[in-house]
There are 2 protein chains.
Amino acid sequence: MRRPTIHDVAHEAGVSISTVSHVLNGTRPISAETQARVRAAVEAQGYEPNARARQLKADRSFAVGLVVPDVMNPFFAEVASGVEEELRRQDVLLALCSTGAQAGREAYYAQLLRHRRVDGVIFLSGTGLPAAELSTLAEGESVVFVDERVPGVEAPFVGSDNRRGARLIAEHVLSQGHRKVAILGGPPALWTAEQRLAGYREALLTRGLEPDGVPCVAGDYEREGGRVAVRTLLDGPGDRPTALLVANDLMAIGALQECRTRGIAVPDELSIAGYDDIPEAAILTPPLTTVRQPAREMGRAAAHILLERIEGRPVPRLTDFPAELVVRESVRAIGEEEVRSV
Amino acid sequence: MRRPTIHDVAHEAGVSISTVSHVLNGTRPISAETQARVRAAVEAQGYEPNARARQLKADRSFAVGLVVPDVMNPFFAEVASGVEEELRRQDVLLALCSTGAQAGREAYYAQLLRHRRVDGVIFLSGTGLPAAELSTLAEGESVVFVDERVPGVEAPFVGSDNRRGARLIAEHVLSQGHRKVAILGGPPALWTAEQRLAGYREALLTRGLEPDGVPCVAGDYEREGGRVAVRTLLDGPGDRPTALLVANDLMAIGALQECRTRGIAVPDELSIAGYDDIPEAAILTPPLTTVRQPAREMGRAAAHILLERIEGRPVPRLTDFPAELVVRESVRAIGEEEVRSV
DNA sequence: AGCAACTATACAAACGTTTGTACAGCGGTC
DNA sequence: GACCGCTGTACAAACGTTTGTATAGTTGCT
């Protein structure tokens, strides 16, 4: 049973196809009786315009891609959720592309999305793919980058002030008296990782600590990676640190797990600070002190900007959200006695 | 700068457009020299076939929709991840649709996806939308349901044995000596909720308990919902239960939080059993005893079946994965003394 | 009565492919 | 030397819309 086309409707209504098109789109005045007949025919046949034909004609697909390292990462999931929320308001479909933080897959999706001629792409890169690669891949499409900035790329960017966020939390742990801190950073190729590191170092300097003196290892922003990275930190030479600055919450969770298996009490023996404020952060034991980024808002903003840009309207080159310190219980003043609440 | 079309390439190579098409698709033998000239022209112009035109002609969009209550729910995120993984192997795009478990949005997306003529839809319903609604909405599309079964619908279904899973975990807590148990169920309209409830009751009967005698409230499968639901359970008449059967992990987390604020020790004073084995389950304090569903596999299978069905090949009506008991620390034998491991 | 200015509709081109059909050239066969 | 079959290519139709242009019918003005 073939689905009816505009021809079938026109035939049944006894009018031309252009007339049908015009009544359906309201593109031109059509007499009331003709409209009625057309609508009746549409109803009778259960006609629905063929979106594919429409897309060809309009040279628009009413879909945009979202390239993201991993939807299972709660932070990315929240960004994705915000993106979708905004797109839905305009009946635009979201093509979800998870790269697993693999450069090959990121390139694959960039290419696939371009070949498919989606109307635009939101990039949340997780691979540090160089700007040159990305911008040729994205060439011709409207693109906006979110969260993770790719230096040297000219597209609009939506993010939050990672440097300031990192500084805030580092200052917080230092203000609690910690002098022996260690850093568990993100993938060095990533801009956010670099920014957060810079923020930590700023805070250290302010407190009179030599940044190059603090142990620092690079993680991969994932739970298991955080777990193994924290091992090298804990097994490293010198005294064990009293506080850990971890560049994202997922790795902080890994660190927490490692501490648990080693029997290191958090925060009594070791304070741990995270970044992102994913939903899990609040339900951990102990609840994680971290930095909140408005992930959903960022997703929404990115989608909004992309949509505006697709429409040809001018958009901001840079949209910056504030990052906010969230103090919970995983960071404690040094030497402070544990207080059992029950 | 207009993107080149097949005409431009044909012109530059001095051949007809059909020749270009045939060399690009290998649809017909073309002499080596002609091929070379065409490829050179393609290269020179940076030609890329217009997917929209191709889709119109082929009457395929090479995209499928995934309707899901909420990507931020880790279980659904994992299913989505599996779906995407499978689709990627065939260069099929995934349109992500989050309904927020709202029937209106579920209907909206079903309609949008049909209007957009995606090649198929994977439904993970979260609203208990009646079969009649859904099947008309999905009419004409290839559809497969995953995880959440909609009774009375004829489409292929991929799920896991919720009833057995629930029975397993209920038997586990009962085997630990608990007699005063309470049930925190899922949304009554949902099939999984009903199945899990049935499984719990089976186990209760086996152990000689009267199912109607155990307190039972309905939750919404979400964290906050679990939290408030557990309140009514804890504040209910009669003795406080010693064990809670919670129909999914998210609600179990909510229950855990509520217990923490009330100062109820888990599992010492109250055992809690979950369902789904989301990644968070393992990192909670205490780690959650729960039932594992192979979410990623289910997603993969659903995508595979959908793809097969789109190709017109026969597919199984029912694909059932096993559910598996995961014993961790949130359920403890009754009366057993707490043993501090450190 | 004739013409201008509408209004409502029809016609046909265009969007960029894929693919069935036609045909030109050519070597081989009787 | 006419015919057959084969290879390589061109032509044109079709997919289902949207939209610019043309036209028929009506009204109103002089």
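Below, chain A is the first sequence line, B the second, and so on; all start at residue 1.
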Enumerate the protein-to-nucleotides 22-24 of chain D contacts in which both atoms are nitrogen or oxygen and the separation is below 3.5 Å.
none

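- For Arg317(B), the salt bridge (charged side-chain N to carboxylate O under 4.0 Å, His left out) criterion is met by no residue, not counting sequence neighbours.
- Tyr109(B) pairs by the ring-ring contact (aromatic ring centres under 6.0 Å, His included) definition with nothing, not counting sequence neighbours.
- Remark: the backbone N or O of Gly100(B) is not paired with any side-chain donor or acceptor of Ser98(B) at under 3.5 angstrom.
- Near DNA chain D, meaning a heavy atom under 4.0 Å from it, residues 17-26 of chain A has Ile17(A), Ser18(A), Ser21(A), His22(A), Asn25(A) in order of number.
- Residues satisfying the salt bridge (charged side-chain N to carboxylate O under 4.0 Å, His left out) test with Glu84(B), not counting sequence neighbours, are Arg88(B).
- Phe157(A) has its ring centre no less than 6.0 Å from the ring centre of Phe145(A).
- From the 5' end on, the contacts that DNA chain C makes with chain A at under 4.0 Å to a non-hydrogen atom open and close at dA8(C) to dG16(C).
- Among residues two or more places apart in sequence or in another chain, the side-chain hydrogen bond (donor to acceptor under 3.5 Å, both in side chains) test is passed with Thr192(B) by Glu148(B), Tyr221(B).
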For a quick test of your reading: what N or O donor-acceptor pairs under 3.5 Å do the side chains of residues 29-37 of chain A make, sequence neighbours left out?
| residue | atom | partner | partner atom | Å |
| --- | --- | --- | --- | --- |
| Ser31(A) | OG | Thr34(A) | N | 3.4 |
| Ser31(A) | OG | Thr34(A) | OG1 | 2.7 |
| Gln35(A) | OE1 | Arg39(A) | NH2 | 3.3 |
| Gln35(A) | NE2 | Ile30(A) | O | 3.3 |
| Arg37(A) | NH1 | Ala13(A) | O | 2.9 |

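- In terms of position along DNA chain D, the nucleotide closest to Ser31(B) lies nearer the 5' end than the nucleotide closest to the other residue of the pair Ser31(B) and Thr27(A).
- No hydrogens or angles considered: a donor-acceptor pair under 3.5 Å links the side chains of Glu106(A) and Ser125(A).
- Listed by chain and residue number, Glu85(B) satisfy the salt bridge (charged side-chain N to carboxylate O under 4.0 Å, His left out) test with Arg296(B) (two or more places apart in sequence, or in another chain).
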Atom pairs and distances, donor-acceptor, side-chain atoms in residues 66-76 of chain A, under 3.5 Å, two or more places apart:
| residue | atom | partner | partner atom | Å |
| --- | --- | --- | --- | --- |
| Asp70(A) | OD1 | Met72(A) | N | 2.9 |
| Asn73(A) | OD1 | Phe75(A) | N | 2.8 |

Item to complete: Go through the steps to decide whether Arg149(A) and Glu194(A) satisfy the test salt bridge (charged side-chain N to carboxylate O under 4.0 Å, His left out), and finish with yes or no.
Response: CA-CA 11 Å; Arg149(A) 185 168 209 167; Glu194(A) 179 201 312; over 6 Å; no

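- Here the side chain of Asn162(B) pairs a donor or acceptor atom with the backbone of Ser160(B) at under 3.5 angstrom.
- In the helix from dA1(C)-dT30(D) to dC30(C)-dG1(D), the rotation axis of the first five pairs and that of the last five pairs differ in direction by 70°, rounded to 10 degrees.
- Heavy atoms of other residues, nucleotides or ligands lying less than 6.0 angstrom from NE2 of His22(A) number more than 12.
- Across Pro316(A) and Ile305(A), no two heavy atoms sit closer than the pair CG-CD1, 3.9 Å.
- Residues of residues 36-65 of chain B having a heavy atom closer than 4.0 Å to DNA chain D, listed by number: Leu56(B), Lys57(B).
- A donor-acceptor contact closer than 3.5 angstrom is absent between the side chains of Ser21(B) and Ser18(B).
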